[in-house]
Chemist: 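Pasting a structure below so you can have a look.
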Protein chains: 2
Amino acid sequence: MLVRDSEPEERRAPRARISDVAQALGLTKATVSRALNGYTDISESTRARVRHKAAELGYTPLSHAQAIRTGRARSLGIVLQVGDQDGQRPFVADFLAGLSSAASAENWTLTVATATTEEDMLATMGRLIDERKADGFVLPRTKVADERIRMLRRLSIPFVLFGRTADPESCAYFDILGEDAMVLAVRHLHGLGHRRIGYIGGGDGFYYSAVRSAGYRTGIEAVGLPFDPAIVGGGAYTVDAGMREADRLLAADEPPTAILCATDMCALGVCRRAMALGLRVGGDLSVIGYDGVPEGAWSTPPLATFEVDSRVAGLHLANLLIRRIRGENPADLRETAHARFLDRGSAARPMMSSAELREHVARATGRRSERRPDR
Amino acid sequence: MLVRDSEPEERRAPRARISDVAQALGLTKATVSRALNGYTDISESTRARVRHKAAELGYTPLSHAQAIRTGRARSLGIVLQVGDQDGQRPFVADFLAGLSSAASAENWTLTVATATTEEDMLATMGRLIDERKADGFVLPRTKVADERIRMLRRLSIPFVLFGRTADPESCAYFDILGEDAMVLAVRHLHGLGHRRIGYIGGGDGFYYSAVRSAGYRTGIEAVGLPFDPAIVGGGAYTVDAGMREADRLLAADEPPTAILCATDMCALGVCRRAMALGLRVGGDLSVIGYDGVPEGAWSTPPLATFEVDSRVAGLHLANLLIRRIRGENPADLRETAHARFLDRGSAARPMMSSAELREHVARATGRRSERRPDR
DNA sequence: CCTCTTGCCGAAACCGGTTTCGGTGCGGAA
DNA sequence: TTCCGCACCGAAACCGGTTTCGGCAAGAGG
């Protein structure tokens with residue numbers, strides 16, 4: 001006769017506790033605990049027996065119970081900033097996937113919080129620390145001078161940067177070498193025949209912005225072009241800002257035939273503005289962005305850009321942070337990788353000289369001002 | 001003389017513990033605990049004193065310590081599926097922002113994990129439950145027959161759906177009424193003059209897919225058009241699938257002058273295919289999607305679609321889940337909202353009749369088959 | 001042969017809460 | 001006056017681990 005599952009009352013097997021393991025071996029839970037935690041005053045033979053029995057019973061220490069004594073919860077913390085700027089938003093899922101799969105491989109968990117402002121972020125991190133919800137933090141979107149770093153240093157809480165910062169003392173990090181990407185982009189444009197290559201930087205204060213600007217400059221000098229502030233803009237990481245800066249650069253005496261942008265959203269703004277001026281992007285004007293946002297693949301022409309593998313970044317960061325929490329030296333916990341160039345239609349050989357471009361832009365803006373005299 | 005901060009050794013004030021509160025009031029920690037947890041055998045005057053002193057000392061129970069006895073960690077769990085299908089990916093950040101801000105308002109936290117397959121997801125949820133890392137779950141992307149629901153029901157773990165399911169028994173949920181959106185879309189297209197309105201459904205098995213299809217049918221009948229299987233496709237939630245289905249629908253004897261899609265990615269595929277056939281989207285063929293993905297704003301013409309407020313969804317879901325965990329009846333925990341129509345260029349009055357469209361498509365595909373004979 | 005290490009493990013306290021159980025003081029009824 | 005019941009709180013066990021301290025036995029050294 002078959003025994004039916006008792007529908008509403010199915011009891012799952014209770015967890016094995018440390019005392020179960022101890023009892024099964026005729027030891028005390030103190031011994032089991034020390035055996036599993038690598039204490040040296042336990043003989044290797046006993047340690048092996050304990051390990052084996054624990055595996056057999058499927059015993060895993062309950063992290064909450066450990067946390068109450070040790071203060072550590074085997075949990076990685078991350079506070080996402082979800083303010084007005086929408087940079088990196090589409091990659092959050094992949095990034096978290098990387099973090100959480102590396103974390104769960106070590107039986108850690110990921111505690112996620114969000115904040116809108118910087119103060120909010122600091123307060124939120126403070127709460128997570130105070131409540132012992134996170135043993136350490138992943139800090140994305142690092143700034144040149146980052147308040148989060150100051151705070152965590154002061155409290156001696158482990159952390160790892162996605163990015164770098166001005167003073168890397170005691171900082172573990174993983175970063176994509178945006179400077180190298182920018183050098184490569186300049187070389188690429190130069191190779192296509194461009195001799196006036198402009199640049200629009202990203203958000204002020206962010207470290208990524210600084211290194212990408214530096215990369216642009218390095219690239220310009222490497223190919224033997226003069227650095228001309230008239231075709232260099234900055235502080236633009238939105239479509240609107242990109243449009244505004246595009247106007248400025250294109251109004252220069254010797255306008256750029258190619259514009260390199262620190263972010264894709266800025267680059268998309270440049271494209272939009274260029275088209276509004278009657279310029280064919282990827283012909284009259286070339287544009288290269290950075291980030292690999294999905295929108296770029298759908299603009300016309302598709303945006304040439306640098307793709308970042310957010311999942312891999314998450315994997316690395318989680319591993320680094322766990323090692324950091326376990327006490328490794330931050331100087332040994334620094335890794336970098338490269339972005340992948342996506343050569344798409346927005347970057348091509350120049351079809352106009354800078355002088356012709358200047359004429360075209362003048363006509364286009366001139367006509368507009370005729371329609372709206374005196375503004 | 002100023003006392004300098006001792007740079008490396010800054011000790012933050014230790015947390016107030018329950019015994020501190022008890023001692024300050026001359027009570028035992030048992031009394032304090034019961035007072036704060038609403039036990040009735042504590043006089044109101046004592047309860048007030050305890051509350052006041054706890055606030056004064058900044059005392060908050062440590063959730064880990066509570067968890068060890070109560071089994072509840074004041075943590076919401078969510079497992080994101082990050083497989084090949086890239087639906088909803090861009091909204092994850094907003095969604096999590098909603099969840100986490102509602103959670104932290106009640107002093108709960110959000111534990112995030114990811115999975116690639118369905119088995120992986122069930123295993124991951126099982127681990128979170130077993131380790132008591134999550135007291136309940138938010139289940140996004142619900143299916144008509146959802147294994148996660150079966151599992152959580154069996155284990156009596158609270159959960160709340162983002163979406164609905166075939167058997168809503170014991171289910172709390174928040175959902176966007178996709179059926180209403182589809183009705184509205186059909187009405188809108190009909191109002192523009194379309195008389196042949198096709199439809200392409202979303203992922204098989206997902207509940208959203210079922211309700212949107214139903215909405216299309218309701219709309220078609222409401223405006224008095226016949227339901228014609230020849231211009232209805234399904235199972236398409238990617239660009240490629242959208243292109244494939246577009247081919248099929250446009251090859252019908254009486255092709256649609258407008259195609260409504262259950263997802264934006266599918267709709268973008270339709271647009272791409274239509275353009276490849278020489279059709280002007282938003283003229284020769286109208287297209288409406290659903291989801292509000294950012295790519296839609298950058299395609300040409302921009303995609304008409306329905307925007308979902310993921311942050312608000314997260315807020316509602318977190319609140320519902322917390323109430324569910326606290327024991328409220330699931331039938332009382334059901335909320336719905338509407339998507340917002342974004343009327344953009346891809347949907348306009350028809351510029352061709354269905355018959356003309358048929359001719360055009362035949363010529364376009366005909367020329368192609370001339371170039372590649374016998375195939 | 002006796003002491004002194006050293007290796008190895010048990011006993012018990014502890015972490016910060018929750019929950020069970022029992023006891024006290026008081027008012028009202030007998 | 002005595003007994004009973006109720007309102008209210010304290011004492012102690014408990015949750016599942018970790019860590020301190022000390023003790024025992026075996027081997028080394030004198």
Chemist: What nucleic acid atoms does B/S19 come within less than 4.0 Å of, heavy atoms only: base, sugar-phosphate, or nothing?
Modeler: nothing
Chemist: If I take atom CZ in residue A/R15 and atom P in nucleotide D/dC15, what distance separates them, rounded to the nearest angstrom?
Modeler: 15 Å
Chemist: Assess whether a salt bridge exists between A/D309 and A/R311, defined as any Lys/Arg side-chain N lying under 4.0 Å from an Asp/Glu carboxylate O.
Modeler: no
Chemist: Across the strands shown, which category fits A/R34 at heavy-atom distances under 4.0 angstrom: base, sugar-phosphate, nothing?
Modeler: base
Chemist: Could you pick out which residue, A/I18 or B/G26, lies toward the 5' side of DNA chain D when each is mapped onto its nearest nucleotide?
Modeler: B/G26
Chemist: Between C1' on C/dG17 and OH on B/Y39, what's the gap in Å once rounded to a whole number?
Modeler: 12 Å
Chemist: Could you tell me how far apart A/L62 (CG) and C/dC15 (C1') are, to the nearest whole angstrom?
Modeler: 14 Å
Chemist: Please classify the nucleic acid contact of A/T70 as base, sugar-phosphate, or nothing, using heavy-atom distances under 4.0 Å.
Modeler: sugar-phosphate
Chemist: Whole Å only: how far is the CZ atom of A/R72 from the C1' atom of D/dG17?
Modeler: 15 Å
Chemist: Evaluate the side-chain contact (heavy atoms from CB on, under 4.5 Å) criterion for residues A/I129 and A/F137: first the C-alpha distance (whole Å), next the side-chain angles of each, then the deciding distance (0.1 Å), finally the verdict.
Modeler: CA-CA 9 Å; A/I129 294 168; A/F137 288 88; 3.5 Å; yes
Chemist: Would you say D/dC8 has OP1 or OP2 under 4.0 Å from some side-chain N or O of B/T46?
Modeler: no
Chemist: Quick check: does any side chain N or O of B/N37 sit under 3.5 Å from a backbone N or O of B/S33, one acting as donor and the other as acceptor?
Modeler: yes
Chemist: Under 4.0 Å between a side-chain N/O of B/Y59 and OP1 or OP2 of C/dG16, yes or no?
Modeler: no
Chemist: Hey, what do you get for OG (B/S100) to CG (A/L80), rounding to the nearest 0.5 Å?
Modeler: 8.0 Å
Chemist: Figure out the CG/C1' separation between A/L25 and C/dC8, and round it to whole Å.
Modeler: 15 Å
Chemist: Give the rounded distance in Å between these two atoms: CG of B/L27 and C1' of C/dG17.
Modeler: 16 Å
Chemist: Between the side chains of B/R15 and A/D130, is the shortest nitrogen-to-carboxylate-oxygen separation below 4.0 Å, so that they form an ion pair?
Modeler: yes
Chemist: What is the distance, to the nearest angstrom, from the NE2 atom on A/H64 to the P atom on D/dC15?
Modeler: 17 Å
Chemist: C/dT18, OP1 or OP2 - any side-chain N/O from B/Q66 closer than 4.0 Å?
Modeler: yes
Chemist: Using a cut-off of less than 4.0 Å, is there contact between a side-chain N or O of B/R69 and OP1 or OP2 of C/dT19?
Modeler: no
Chemist: Judged by each residue's nearest nucleotide on DNA chain D, which is more toward the 5′ side, B/A65 or B/R49?
Modeler: B/R49
Chemist: For B/S33 and C/dG17, is the shortest distance between a side-chain N/O and OP1 or OP2 below 4.0 Å?
Modeler: no
Chemist: Is a donor-acceptor pair below 3.5 Å formed from side chain A/D41 to base C/dC9, judging by atom type as modelled?
Modeler: yes
Chemist: Counting only side-chain N and O atoms of B/T28, is one of them less than 4.0 Å from OP1 or OP2 of D/dC9?
Modeler: no
Chemist: Taking atom P of D/dC14 as reference, at what distance in whole Å does atom NZ of B/K29 sit?
Modeler: 14 Å
Chemist: Within the side chain of A/R148, is there an N or O that forms a donor-acceptor pair under 3.5 Å with the backbone of A/P140?
Modeler: yes
Chemist: Please tell me which of B/I68 and B/A30 maps to the more 5' nucleotide of DNA chain C, matching each residue to the nucleotide holding its nearest heavy atom.
Modeler: B/I68
